[in-house]
Structure formats: structure tokens, C-alpha cells
Amino acid sequence: MIIAVDGPAASGKGTLAKRLAAHYGLFHLDTGRTYRAVAAAMTAAGFSLDDEAAAVKTAHGLDFTRLDSPDLGSPEIGEGASRIAVIPDLRAALVARQRAFAKDAAAQGHGAVLDGRDIGTVVFPDATVKLFITASPAERARRRSLEVYGEADGPRYEALLANLRQRDERDSSRAASPLKPAADAYILDTTQMSADAAFFEATRLVDKAMKP
Ligand code: DC
């Protein structure tokens with residue numbers, strides 16, 4: 001069983017994916033973290049984020065057991081991840097590793113929840129159920145501000161909002177696997193929904209998809 005959870009930055013898809021994994025006893029992979037880890041490793045090694053060969057090599061060597069590092073959550077690394085995510089060969093390398101993660105889970109008798117931008121369209125087009133989580137840019141910036149700075153609308157809110165809009169634009173307009181809902185995805189707009197309400201609605205859709 002594969003649950004695909006896609007959506008723009010700060011839509012709440014990560015929180016939802018984690019809760020779904022715990023609820024159904026599935027492995028979870030936040031694929032945004034694979035792009036973030038490559039961007040962080042390239043920066044630490046002094047590579048330019050435009051260096052395609054270095055990006056691919058870094059992806060092949062990526063340690064998937066170290067994706068939990070809190071450093072990877074920063075807006076700066078998110079920006080770097082969005083920049084390298086336009087490189088088709090890097091995407092191919094990471095997609096292969098994301099599929100291998102789910103295959104590994106299956107070998108251990110588990111399904112998987114993967115969240116990202118292209119899970120339902122590219123990584124697992126045959127996923128058991130596909131959810132596309134979205135919310136207005138203003139609401140997403142408010143949530144991200146709360147998460148990163150502990151306040152919903154402080155002085156850094158406008159910069160966060162501008163950054164989110166820029167990432168939306170880059171993620172949606174790139175030629176390789178742009179951010180878009182799969183034709184058969186359920187779209188969940190969480191602008192007016194609590195995290196609990198979004199989780200409840202998601203389990204209803206997953207339960208429905210699992211019925212024979
Ligand atoms: O979900 P996130 O903010 O951690 O993702 C960081 C960047 O990585 C995002 O701006 C685009 C890229 N990304 C992607 O292109 N495809 C994915 N499946 C996941 C993330």
C-alpha cells in the first residue's frame with residue numbers, strides 16, 4: 001500500500017503524512033528532505049547549486065537514515081532544495097532512491113506514505129490513494145512563521161510569504177515533474193481546516209480507497 005501526499009510548501013502535508021503513517025502502521029518518507037539534504041551537503045562541500053554533476057553524485061551517496069536533522073528544516077535550505085529540484089538527472093537519481101525506500105518497506109511487510117511534489121504524478125503513479133494538500137499562500141506563510149519563529153505574523157511574515165510565492169512559482173513552472181495534482185488525486189484545501197480535521201478527512205479517503 002502506497003499513500004501519496006503532495007502539495008506546495010507549508011501546506012501541512014508533512015504533518016498529515018506522519019500522522020497517516022502512524023495511524024496505518026506504514027513507513028514514512030518526506031521526499032522534500034531528500035532534496036534538502038542534497039542542497040545542504042552541496043553547500044557544505046562548497047559546490048555551486050548549479051553544478052548538476054555534483055548534485056547527482058551527492059544524491060547517489062545520500063544517507064537516508066540521516067534525513068531527520070533539524071538543520072534541514074530552515075527556509076534557506078528549502079530555497080536551495082527548490083533550486084536544485086529543477087535538475088532532471090538529480091530528480092531521476094532521487095526518484096530511484098525514493099522507490100527503493102518503498103520497496104524496502106514492502107520487503108519488511110510494510111506499506112509506505114511518501115510526501116512531496118511529484119509522488120502521485122511521477123514517483124508512484126499507481127499509488128493506492130493520492131492526496132493533494134493545499135492552502136492559501138497567506139495561511140501557509142502564517143503556519144510556517146509560527147513553526148520557524150514561534151509567531152504567526154511577526155516582522156518576518158512578509159519575507160516568508162514572498163519566499164513561499166517564489167517557491168510555488170519555481171516548483172510549479174519547472175519543466176521536470178512540476179508541482180501539480182495527479183488527475184486522480186483527492187484535493188484537500190486546508191485553509192479553513194485544523195490539522196485534526198484534515199487528518200480525519202484524509203483517513204476517510206484512505207479508508208474508502210482501501211475497500212475492495
Ligand atoms: O517540501 P519541502 O519544502 O521540504 O521541499 C523542498 C523543495 O524540494 C521544494 O521547494 C521542491 C523540492 N521537492 C521536489 O521538487 N519534489 C519533491 N517530491 C519534494 C520536494
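Residue indices begin at 1 and follow the sequence shown. Both counts, for ligands and for their atoms, begin at 1 and track the order of listing.
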Identify, with sequence neighbours excluded, every residue that meets side chain to side chain contact (heavy atoms under 4.5 Å, CB included) alongside [X].
X: A106; value: none
X: D63; value: T65, R66
X: T15; value: none

Transitive ILVMFWY side-chain link I133 to V129, under 4.5 Å
yes
Using a 4.0 Å cut-off on heavy atoms, what residues surround ligand 1? Order them by chain and number.
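Within 4.0 Å of ligand 1, the protein residues are K13, T31, G32, Y35, R36, A81, S82, A85, R91, G116, R117, D118, R167, D171, R174.
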Is a salt bridge present between R91 and D118, judged by a nitrogen-to-oxygen distance below 4.0 Å?
yes
Answer yes or no: is there an ion pair linking R143 with E147, defined by an N-O contact shorter than 4.0 Å?
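Here R143 does not pair with E147 in a salt bridge, since their nearest N and O are not under 4.0 Å apart.
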